[in-house]
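Reading through the structure tokens given below for one structure.
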Amino acid sequence: MPRYVRVNTLKTSTNEIITYFKRQDYTYLGKARRIEELSELGQKKGKKFLQDLHVPDLLAFPPDTDFHKDALYLAGHLILQDKASCLPALLLSPPVGSFVIDACAAPGNKTSHIAAILQNKGRVFAFDLDTKRVSTMSTLLLRAGVTCQELANQDFLTVRLDDPKYQKVSHILVDPSCSGSGMPDLMRVHTDASSGPEQEKRLQALSGFQCRAVSHALSFPSVQRVVYSTCSIHQQENEDVVMKSLEQNPDFRLVNALPSWPLRGLNTFPESSYCLRASLSDTFTNGFFIAVFERKSNQNESSTQTTVEKNCHSAAQTKDDLKVSQAGDERQNGPVVVDSGNCIKKKTRKRKKKRKTELQ
């Protein structure tokens, strides 16, 4: 697996970092055109690096490259972050100035990535229940130059949906606790290799918590997009959570995330291929899973049309009553344009025509 380095665009630019490494006698091989080029880095001798083909601000170096003493890393210009871990913020893609929640934020790499996408404008509410991890996150974000954050040592599930502070939140990243079975850790791999009642019980408990976290995120009044991610390889924590979340939240649908990505979700439910999976063997990253939920934009179209038809059908009501009806529709479904004048005029013209016929 290559050594991935994310350029912190809050402090520098990708072009500046590429120039910096060239001056350090690295050979720049350009932007990768095939995912296989990333694995080939380890087979080439010398100091070389590539720009990633999926994540614009990500550079890939040979596996044994060490940046822990590099001046730009120590200054927060470079973030050592696996490629798969960069995908959630990239796919969340909040517009500059948005209000965003990072539900299970520590240690903060994804939070800093969100802040970079926001250009430090708007607000990132970052939650984590572990006090020490929140402290670590605070230090990381300070070094990265993040200023739009608001940290909370709090369980995301206890956040009130009616809290005025979060009424403008439009994007939420949910990367909750998981089995970590996608991480290249020999001890963890050995643990996950064992099966039985204890393992199944643990996965069921994790899956239940993950479902609650996703459903809570989808319940925020103004949320438009939610990204769910894990570093797990287990179906119980990935596709099963997504399927249950869609069943419980019919106002949302899956987005076909990053169609060029080679590894998709397991075929366990319709549109499961819209999800992403990552693995060392297929994508040259840690094991990972990502799903992108988006609020259905046309969910109120039918009700809006029905309201318009009703208003035209009952145009004989007084103008004051009609105005009240329109105001109610606007609060619920957005502005509804009803030409009440035309409806009334049509009936008036019919009456005049009828009278004219009678006179003739």
Side-chain angles (χ1 to χ4, degrees), residues 3-21 24 52 55-59 61 65-156 158-159 163 165-166 168-177 183 217 227 229 231 286:
R3 165 67 72 178
Y4 292 106
V5 176
R6 179 169 61 81
V7 177
N8 180 12
T9 55
L10 291 176
K11 288 194 168 187
T12 185
S13 70
T14 301
N15 287 337
E16 288 175 340
I17 294 299
I18 290 174
T19 301
Y20 167 78
F21 280 116
Q24 301 295 316
D52 186 66
V55 184
D57 300 320
L58 193 69
L59 304 177
F61 294 79
T65 311
D66 186 8
F67 292 103
H68 288 92
K69 295 181 180 179
D70 189 277
L72 292 188
Y73 165 71
L74 295 173
H77 291 66
L78 303 176
I79 308 291
L80 303 184
Q81 186 174 359
D82 180 59
K83 176 178 176 176
S85 178
C86 295
L87 295 177
L90 178 73
L91 294 174
L92 187 65
S93 188
V96 175
S98 299
F99 281 52
V100 182
I101 284 178
D102 191 350
C104 309
N109 281 337
K110 297 182 188 69
T111 312
S112 69
H113 196 181
I114 293 171
I117 293 171
L118 292 176
Q119 300 175 19
N120 257 341
K121 299 174 182 176
R123 181 66 61 181
V124 181
F125 301 102
F127 297 90
D128 205 277
L129 192 57
D130 190 299
T131 305
K132 290 183 179 180
R133 285 166 60 85
V134 171
S135 177
T136 301
M137 176 167 56
S138 178
T139 302
L140 185 149
L141 296 181
L142 179 64
R143 185 172 66 183
V146 176
T147 58
C148 63
Q149 81 278 20
E150 185 171 324
L151 308 187
N153 185 196
Q154 180 182 354
D155 182 353
F156 171 65
T158 66
V159 178
D163 190 325
K165 184 187 295 186
Y166 309 118
K168 293 183 180 180
V169 168
S170 58
H171 293 68
I172 299 179
L173 173 58
V174 182
D175 186 64
S177 299
M183 305 301 289
V227 168
S229 63
C231 54
N286 290 331

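Every value quoted in this text rests on a predicted model; they were computed, and no experiment measured them.
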Could you pull out every donor-acceptor pair under 3.5 Å between side chains of residues 104-116 and any protein atom, sequence neighbours left out?
residue : atom : partner : partner atom : Å
K110    : NZ   : S85     : OG           : 3.4
K110    : NZ   : D175    : OD2          : 3.3
T111    : OG1  : D102    : OD2          : 2.6
S112    : OG   : R6      : NH2          : 2.9
S112    : OG   : N109    : O            : 2.8

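Not one N or O on the side chain of T12 forms a donor-acceptor pair closer than 3.5 Å with the backbone of N8. In this structure, D128 contributes its side chain and A152 its backbone to no donor-acceptor pair below 3.5 Å. Of the possible donor and acceptor atoms, none in the side chain of K165 sits under 3.5 Å from a partner among the backbone N and O of F125. When atom types are taken as modelled, the side chain of T136 and the backbone of K132 share a donor-acceptor pair closer than 3.5 angstrom.
Side chains of L80 and V5 form a contact here, defined as non-hydrogen atoms less than 4.5 Å apart. Annotation: side chain of S138 is not in contact with side chain of Q149 (no heavy-atom distance under 4.5 Å).
A cation-pi arrangement is present between R143 and Y73, with the terminal nitrogen or guanidinium carbon under 6.0 Å from the aromatic centre and inside a 45° cone about the axis.
For the pair T158 and Q154, the tightest heavy-atom approach, listed with the atom from each and the gap, is OG1-NE2, 3.1 Å. Shown here for T65 and R3, the closest heavy-atom pair between the two residues is O-NE, 3.3 Å. The two atoms that bring R133 and D130 nearest to each other are N-OD1, 3.1 Å, heavy atoms only. Between L141 and L151, the shortest heavy-atom contact is CD1-CD2, 3.8 Å. Taking each heavy atom of Q81 and L58 in turn, the nearest pair found is O-CD1, 4.1 Å. Considering all non-hydrogen atoms of both residues, V96 and I117 come closest at CG2-O, 3.8 Å.
Going from atom OH of Y20 over to atom CG of L72 covers 4.5 Å, rounded to the nearest 0.5 Å. Atom CE of M137 and atom CG of L142 lie 13.0 Å apart (nearest 0.5 Å). Y166 OH to I172 CD1: the interatomic distance, rounded to the nearest 0.5 Å, is 10.5 Å. Taken to the nearest 0.5 Å, the CG atom of D57 stands 5.5 Å off from the OG1 atom of T9. Rounding to the nearest 0.5 Å gives a distance of 8.0 Å between CG of L78 and CG of L59. Remark: D155 CG to L129 CG distance equals 5.5 Å, nearest 0.5 Å.
Evaluated for a side-chain contact (heavy atoms from CB on, under 4.5 Å) with P94, the options V124, L118, L173 yield exactly one hit, L118.
Note: F156 and F127 have tilted aromatic rings, judged against thresholds of 30 and 60 degrees for the angle between ring planes.
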